[in-house]
K.L.:
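If you scroll down you'll find the structure; I have some questions about it.
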Amino acid sequence: MPLQLYNTRTRRAERFQPRREGQISIYVCGLTPSAQAHLGHARSFLFFDLLRRYLAFSGYRVTYVQNVTDIDDRSIEAAHRLGVSWREIVAGYYAEFKRSMARLGVREPDQEPYATDFIPQIRETISALIERGYAYVASDGIYYRVGKFAGYGLLSNRNIAELEAGARIEIDEAKEEALDFALWKFAKPGEPHWPFEPYGDGRPGWHIECSAMSHALLDPEGTGFDIHGGGADLIFPHHENEIAQSEPLMARPPMANFWLHGGLLLFDNRKMSKSLGNFEPLSDVLDRHDPQAIRLLFLRTGYGKVMNFTEEAMAGAVATLERLRRDYRALHAAASGADGRVTEGGALTARVVEALDDDMNTAAALREVLAAASAPLDGDARERLSELRTLLSLLGLEPDERWLAAPVERPLPEDLARALRHEIGEPWLDGVEDARAALDRVINERLAARANKDWSRSDRLRDALARCGIDIKDGKEGSTWSVVR
RNA sequence: GGCGACGUAGCCAAGUGGUAAGGCAGGGCUCUGCAAAAGCCCCAUUCGGCAGUUCAAAUCUGCCCGUCGCCUCCA
């Protein structure tokens, strides 16, 4: 079965066909770095990363563009509040976002255009819209005339009359109609601005940068590109407005054949927001949880579905990942560590491909991979290993050194020596300042106690270590320790 | 008010006409000085509710209830 994808534009799953044989162009709406990114962003970009990987895996040459809307009201506001330039605000948040994406194993886009690097193209687009009657100049900016575009509302399945009846849009005196939106905002004192003759200095409105940049980078002929993506909250008004800005100027619409939207992530059944008090920066989440476990968690839910995040579900993903790594390690050992052999077209691969062809059913794909990893070995371990490795990296779960080394050695807590002295309070620990040295002494002391069958002393020492974040496991082969916090 | 999505065990979630995957949590057992880890086993006669279609419904239809999202900045 060929690849089927749910297309927001037609509201059904359709067979995916690239516009040009073997090549696929994707434009995904990236971040507006005027605040810290959160886990919801991660879910969205993780999905588009997977889509890229799968299309490349399927043999397509993929061009993936993800923009940066580096100018908007909030970053200007934040700059004023903090007394720094808006560029610093944007650079800071974007750098943090990039670090988080790297930790999640999200590949860098082929191009990351910044809105403010495309001011000439933005001006050109606006000028063309004015010429054709789709835009007009008002006192405080240049607006798009929504009533002029017959296709308005098709993507988001709304009609103009209903939108107007919504009446939640503030009536701006400068605009002709409530639904009209800004293409260009004339500069107010103290705001960043760029020249735009003959209309007036100002800055681009939100939406126009995507029309200008996707045209410039993916569709210079104006005949459209393959896939346009983003979070479900961008369907209206952002993507609707992009279409309205782009299609009247195109030689042959539609702007994009496929519109793909990632489902929103909820926390406590609410969209994450600072005002609700459920906001946590992505970088903090990544400090608390293994990025691969986060990726695995998202793989278990359909990409387009609303998903509720809970720490319980996260813990489940961590446990699944640990088991997967263990299984992989066992397989690696069975194969004597041999790898590098490429096995193509195995039965497992066929099942994974079938799952992903069905509108990127990652839950089914993951299920196959997990089952294969834990199934008893009935054939060639080396073949199983290389096929598994290929599929794991297709899913973005690269088997790295952690997969082969157990237990994971995390850095020892900084104040371990002091904490142990405090917990144990025996003279043989006096003066030991080094964490590792203190740990070794306690472990040796405990081993001695165990050799003497002094179980109560042994248990006391184990409890003390546990309170200091060190987990001890006794087995037939001796004792092992690991850092649990 | 308009548009849309969803409602499957304590939690997350797969499954879209053929008789309820999986994970986490929980319970039991094996192992162990004990604990943990690991392994094995158990854990929804039932899919928000009520009607209907059908030989057959979690899956289709209708109505109702509930939750969430978008309609304003938003991945």
Side-chain angles (χ1 to χ4, degrees), chain A residues 8 11 28-32 34-35 37-48 66 69 72-75 77 97 153 156-159 161-170 178-179 181 206 229-240 261-266 268-274 282 296-324 326 355 361-368 370-371 374 406-407 449-450 453-456 458-459 462-463 466 471-476 479-482 484:
Chain A
T8 306
R11 281 183 285 288
V28 170
C29 287
L31 200 71
T32 300
S34 53
H38 53 69
L39 241 200
H41 294 103
R43 183 189 183 198
S44 198
F45 295 115
L46 239 10
F47 167 66
F48 288 106
Q66 186 176 295
T69 302
D72 82 316
D73 293 344
R74 287 190 304 168
S75 50
E77 210 175 278
F97 170 73
S156 57
N157 190 31
R158 308 165 191 238
N159 63 60
E162 277 164 5
L163 286 168
E164 282 168 344
R168 288 181 59 187
I169 302 160
E170 276 182 46
L179 290 181
F181 57 90
W206 185 44
D233 52 350
L234 294 182
I235 297 172
F236 189 91
H238 185 56
H239 287 162
E240 198 69 70
H261 291 97
L264 296 185
L265 185 68
L266 306 181
D268 311 318
N269 275 306
R270 288 276 166 161
K271 192 171 164 177
M272 186 180 273
S273 85
K274 282 181 179 151
L282 176 57
L296 190 148
L297 175 68
F298 291 150
L299 288 173
R300 298 212 283 209
T301 306
Y303 77 90
K305 281 196 166 185
V306 171
M307 173 182 171
N308 189 34
F309 178 88
T310 63
E311 285 296 336
E312 260 182 311
M314 186 69 242
V318 169
T320 300
L321 179 64
E322 279 172 4
R323 189 154 27 72
L324 172 62
R326 230 176 15 247
N361 188 340
T362 52
L366 181 67
R367 188 192 311 143
E368 294 295 343
L370 291 176
S374 62
R450 294 190 76 219
K453 297 197 190 297
D454 186 351
W455 307 124
S456 67
S458 164
D459 290 349
R462 182 172 59 200
D463 291 345
D471 183 41
I472 295 285
K473 295 187 194 337
D474 299 322
K476 281 208 174 82
S479 303
T480 60
W481 59 271
S482 55
V484 294

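Within every chain, numbering begins at 1; the chains are lettered A, B, ... in the order of the sequence lines, protein sequences first and strands thereafter. These numbers were taken from a predicted model, which means no experiment stands behind them.
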K.L.:
Before giving the answer on side-chain contact (heavy atoms from CB on, under 4.5 Å), spell out for F45(A) and V28(A) the whole-Å C-alpha distance, their side-chain angles and the decisive distance to 0.1 Å.
P.N.:
CA-CA 9 Å; F45(A) 295 115; V28(A) 170; 4.1 Å; yes
K.L.:
In whole angstroms, how far is the P atom of A9(B) from the CD atom of E312(A)?
P.N.:
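Taking atom P of A9(B) as the reference, CD of E312(A) is at 13 Å.
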K.L.:
In whole Å, I'd like the distance from the CZ atom of F236(A) to the C1' atom of G69(B).
P.N.:
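For the pair F236(A) CZ and G69(B) C1', the rounded distance is 14 Å.
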K.L.:
Tell me the interatomic distance from L234(A), atom CG, to G69(B), atom P, rounded to whole angstroms.
P.N.:
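Checked: the CG to P distance equals 16 Å.
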K.L.:
Which pair of heavy atoms, one from R450(A) and one from S479(A), lies closest together, and at what distance?
P.N.:
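Distance-wise, the nearest heavy atoms are NH1-OG, 3.5 Å.
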K.L.:
Could you tell me whether K453(A) contacts a base, only the sugar-phosphate backbone, or nothing, with contacts defined as non-hydrogen atoms closer than 4.0 Å?
P.N.:
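No contact.
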K.L.:
For a quick check of understanding: with a heavy-atom distance under 4.0 Å over all strands, which category does G230(A) fall into, base, sugar-phosphate or nothing?
P.N.:
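It contacts sugar-phosphate atoms only.
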K.L.:
I'd like to know if the side chain of S44(A) reaches the main chain of H41(A), judged simply by a donor and an acceptor atom lying under 3.5 Å from each other, with no hydrogens or angles considered.
P.N.:
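Looks like no, no N/O pair under 3.5 Å.
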K.L.:
What's G229(A) touching, base or sugar-phosphate or nothing? Going by heavy atoms closer than 4.0 Å.
P.N.:
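G229(A): no heavy atom of the nucleic acid under 4.0 Å.
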K.L.:
Could you walk me through whether F309(A) and M272(A) pass the side-chain contact (heavy atoms from CB on, under 4.5 Å) check?
P.N.:
CA-CA 10 Å; F309(A) 178 88; M272(A) 186 180 273; over 6 Å; no
K.L.:
Hunt down the Watson-Crick or G-U wobble partner of C43(B), both distances under 3.5 Å, from any strand shown, or write none.
P.N.:
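Matched C43(B) with nothing under the 3.5 Å cut-off.
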K.L.:
Pick the closest RNA chain B nucleotide for T301(A) and for H238(A) by heavy atoms, then say which residue is nearer the 5' end.
P.N.:
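Residue closer to the 5' terminus by nearest nucleotide: T301(A).
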K.L.:
Under 3.5 Å, is there a donor-acceptor pair between the side chain of T320(A) and the main chain of G316(A)?
P.N.:
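Yes: the side chain of T320(A) pairs with the backbone of G316(A).
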K.L.:
Can you check whether N269(A)'s main-chain N or O pairs, donor with acceptor, with N308(A)'s side chain at less than 3.5 Å?
P.N.:
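Yes; judged by distance alone, with no hydrogens or angles, the pair exists.
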K.L.:
Roughly how many Å apart are U72(B) and U67(B), using the P atom of each and rounding to a whole number?
P.N.:
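It works out to 23 Å between them.
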K.L.:
When you measure from the side chain of T69(A) to the backbone N and O of T32(A), does any donor-acceptor pair fall under 3.5 Å?
P.N.:
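Pair absent, no side-chain N/O of T69(A) close to backbone of T32(A).
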K.L.:
With a 3.5 angstrom cut-off on both distances, give the Watson-Crick or G-U wobble partner of A38(B), or none if there isn't one.
P.N.:
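Answer to the pairing question: U30(B), which forms a Watson-Crick or G-U pair with A38(B).
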K.L.:
Name the residue closer to the 5' end of RNA chain B, choosing between R270(A) and G231(A) according to the nucleotide with the nearest heavy atom.
P.N.:
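Per heavy-atom nearest nucleotide, the more 5' residue is R270(A).
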K.L.:
Looking at A14(B), which nucleotide sits across from it as a Watson-Crick or G-U wobble partner, both distances under 3.5 angstrom, or is there none?
P.N.:
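Here A14(B) is not engaged in any pair, so there is no nucleotide opposite it.
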K.L.:
Base, sugar-phosphate, or nothing: which does N269(A) touch, judged by heavy atoms less than 4.0 Å apart?
P.N.:
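Counting heavy atoms under 4.0 Å across all strands, the contact made by N269(A) is with sugar-phosphate only.
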K.L.:
Parallel under 30°, tilted from 30 to 60°, perpendicular over 60°: which one fits the rings of H239(A) and H261(A)?
P.N.:
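If you compare the ring of H239(A) with that of H261(A), the planes turn out tilted.
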K.L.:
Could you work out the separation of C43(B) and G26(B) based on their C1' atoms and round it to a whole Å?
P.N.:
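Pairwise C1' distance, C43(B) against G26(B), rounds to 8 Å.
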K.L.:
Between G15(B) and U46(B), how far apart are the C1' atoms? Round to whole Å, please.
P.N.:
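It comes out at 14 Å once rounded to the nearest Å.
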K.L.:
What I want to check is whether the side chains of S456(A) and D459(A) have a donor and an acceptor closer together than 3.5 Å.
P.N.:
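Side chains of S456(A) and D459(A): no pair found under 3.5 Å.
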K.L.:
For U53(B) versus A5(B), give the span between their P atoms, rounded off to a whole number of Å.
P.N.:
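My reading of the P atoms in U53(B) and A5(B) gives 26 Å.
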K.L.:
Could you give the CE-to-C1' distance, from M314(A) to C11(B), as a whole number of Å?
P.N.:
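In whole Å, C11(B) C1' lies 14 Å from M314(A) CE.
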K.L.:
Taking atom C1' of G22(B) as reference, at what distance in whole Å does atom CG of L297(A) sit?
P.N.:
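Computing the L297(A):CG to G22(B):C1' distance gives 14 Å.
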K.L.:
At 4.0 Å (heavy atoms only), tell me whether L265(A) reaches a base, stays on the sugar-phosphate, or touches nothing.
P.N.:
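Here L265(A) touches the bases of the nucleic acid.
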K.L.:
Pairing check on U67(B): which nucleotide meets the Watson-Crick or G-U wobble criteria with it, both distances under 3.5 Å?
P.N.:
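A5(B) - that is the nucleotide pairing with U67(B), both distances being under 3.5 Å.
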K.L.:
Hunt down the Watson-Crick or G-U wobble partner of U72(B), both distances under 3.5 Å, from any strand shown, or write none.
P.N.:
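Its partner is none (no Watson-Crick or G-U wobble pair with both distances under 3.5 Å).
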K.L.:
How far, in whole Å, is A21(B) from C63(B) if one measures between their P atoms?
P.N.:
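Roughly 32 Å separates the two P atoms.
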K.L.:
The side chain of T320(A) is closest to which nucleotide in this list: G23(B), C70(B), A14(B)?
P.N.:
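Per side-chain heavy atoms of T320(A), the pick is G23(B).
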K.L.:
Determine, stepwise, if the pair K453(A) / W455(A) fulfils side-chain contact (heavy atoms from CB on, under 4.5 Å).
P.N.:
CA-CA 5 Å; K453(A) 297 197 190 297; W455(A) 307 124; 3.8 Å; yes
K.L.:
Taking the same atom, C1', in G27(B) and in G10(B), what whole-Å distance lies between them?
P.N.:
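Result for the C1' pair: 14 Å, nearest Å.
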K.L.:
Encode nucleotides 28-41 of chain B as B, S and - characters from 5' to 3', where the letter depends on protein heavy atoms closer than 4.0 Å: B to the base, S only to sugar-phosphate, - to neither.
P.N.:
-----BBBBSS---
K.L.:
For nucleotides U54(B) and A13(B), find the distance between their P atoms and express it as a whole number of Å.
P.N.:
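It comes out at 35 Å once rounded to the nearest Å.
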K.L.:
How many Å lie between CZ on R367(A) and P on A21(B), as a whole number?
P.N.:
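Roughly 11 Å, once rounded to whole Å.
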K.L.:
To the nearest Å, give me how far apart CG (L366(A)) and C1' (C12(B)) are.
P.N.:
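The answer, rounded to whole Å, is 14 Å.
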K.L.:
Counting only Watson-Crick pairs (N1-N3 plus N6-O4 or O6-N4) and G-U wobbles (N1-O2, O6-N3), all under 3.5 Å, who is the partner of U61(B)?
P.N.:
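Matched U61(B) with A51(B) under the 3.5 Å cut-off.
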K.L.:
Examine the side chains of T301(A) and R43(A) and answer whether a donor and an acceptor come within less than 3.5 Å of each other.
P.N.:
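Per modelled atom types, T301(A) and R43(A) side chains form no pair under 3.5 Å.
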K.L.:
Would you measure the distance from the C1' atom in A57(B) across to the matching atom in U8(B) and give it in whole Å?
P.N.:
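So the two C1' atoms sit 14 Å from each other.
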K.L.:
Spell out protein contact along nucleotides 2-7 of chain B as letters: B when the base is contacted, S when just the sugar-phosphate is, - when no protein heavy atom is under 4.0 Å; keep the 5' to 3' order.
P.N.:
BSS---
K.L.:
Roughly, in whole Å, what's the span from NE2 in H38(A) to P in C73(B)?
P.N.:
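Result: 16 Å.
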K.L.:
Within the distance-only criterion (no hydrogens, no angle test), does the side chain of N159(A) pair as donor or acceptor with the backbone N or O of A161(A) below 3.5 angstrom?
P.N.:
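Judged by distance alone, yes, a pair lies under 3.5 Å.
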K.L.:
Which nucleotide in the set C24(B), A14(B), C70(B) lies at the smallest distance from any side-chain heavy atom of A315(A)?
P.N.:
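Closest of the options to the side chain of A315(A): C24(B).
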K.L.:
Is N308(A) close enough to C12(B) that one of its side-chain N or O atoms is under 4.0 Å from OP1 or OP2 there?
P.N.:
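Yes, such a contact exists.
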